[in-house]
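Taking it in order: structure first as structure tokens, then the write-up.
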Amino acid sequence: PLYSSAASDVYKRQEMNKKQVILTGQLAAPLCEGCRAWIRHSGGLICTSQVVRIQSFSDRKAVFETINSMYHVSLETCPFAMELPEAMCA
């Protein structure tokens with residue numbers, strides 16, 4: 001119990017030290033752990049580093065952690081879909 005609590009505290013500190021990215025956009029590909037996230041927003045298309053944890057996901061918001069950052073994406077509806085090669089999320 002003491003070890004897991006200490007490990008949890010270290011993980012929380014690492015998460016808090018990550019860059020926080022807050023934006024409004026649309027996921028251009030399914031969000032999955034182990035893959036890059038593709039986010040379409042007013043400034044273009046973002047390809048993140050590998051997703052290591054999906055904290056929460058709903059039809060209104062996605063919160064996930066990548067190797068480098070924490071993303072808080074307010075999701076908007078998008079009338080078009082972007083096709084990505086299957087190799088992008090292997």
Side-chain angles (χ1 to χ4, degrees):
L2 181 59
Y3 172 75
S4 63
S5 176
S8 176
D9 289 344
V10 169
Y11 181 76
K12 287 177 185 173
R13 280 196 305 274
Q14 288 174 344
E15 180 181 305
M16 292 175 68
N17 291 333
K18 288 188 174 188
K19 179 173 103 174
Q20 302 291 310
V21 179
I22 302 169
L23 56 92
T24 299
Q26 182 65 37
L27 295 174
L31 185 62
C32 61
E33 292 179 1
C35 303
R36 294 175 179 267
W38 293 83
I39 307 164
R40 183 183 305 278
H41 68 107
S42 60
L45 184 66
I46 296 173
C47 176
T48 71
S49 58
Q50 182 182 17
V51 174
V52 295
R53 183 171 65 103
I54 299 171
Q55 183 174 339
S56 63
F57 184 82
S58 71
D59 59 341
R60 300 185 69 181
K61 188 171 185 176
V63 180
F64 58 93
E65 177 183 0
T66 67
I67 292 171
N68 303 314
S69 307
M70 281 295 298
Y71 282 82
H72 305 262
V73 183
S74 295
L75 300 173
E76 57 187 16
T77 58
C78 185
F80 52 88
M82 178 180 165
E83 290 189 29
L84 298 174
E86 290 183 29
M88 293 293 187
C89 191

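Atom set for the values below is all heavy atoms of this structure, side chains included, hydrogens, waters and symmetry mates excluded. We're numbering straight along the sequence, starting at 1.
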Could you pull out the closest heavy-atom pair between Arg36 and Cys47, with the gap in Å? CD-SG, 3.4 Å
Quick one: side chain to side chain donor-acceptor pair (under 3.5 Å) partners of His41, sequence neighbours excluded? none
Show which residues join Tyr71 in its hydrophobic cluster (side-chain heavy-atom contacts under 4.5 Å, direct or indirect), or state none. Val21, Leu23, Leu27, Leu31, Ile39, Ile46, Val51, Ile54, Phe57, Phe64, Val73, Leu75
Backbone N/O of Lys18 and side chain of Gln20: donor-acceptor pair under 3.5 Å: yes
Checking side-chain contact (heavy atoms from CB on, under 4.5 Å) against Gln55, which of His72, Met70, Glu65 comes through? Met70
So do the side chains of Thr66 and Val52 get within less than 4.5 Å of each other, counting heavy atoms only? no
Does Thr48 have any side chain to side chain donor-acceptor pair (under 3.5 Å) partners at least two apart in sequence or in another chain, and if so, which? none
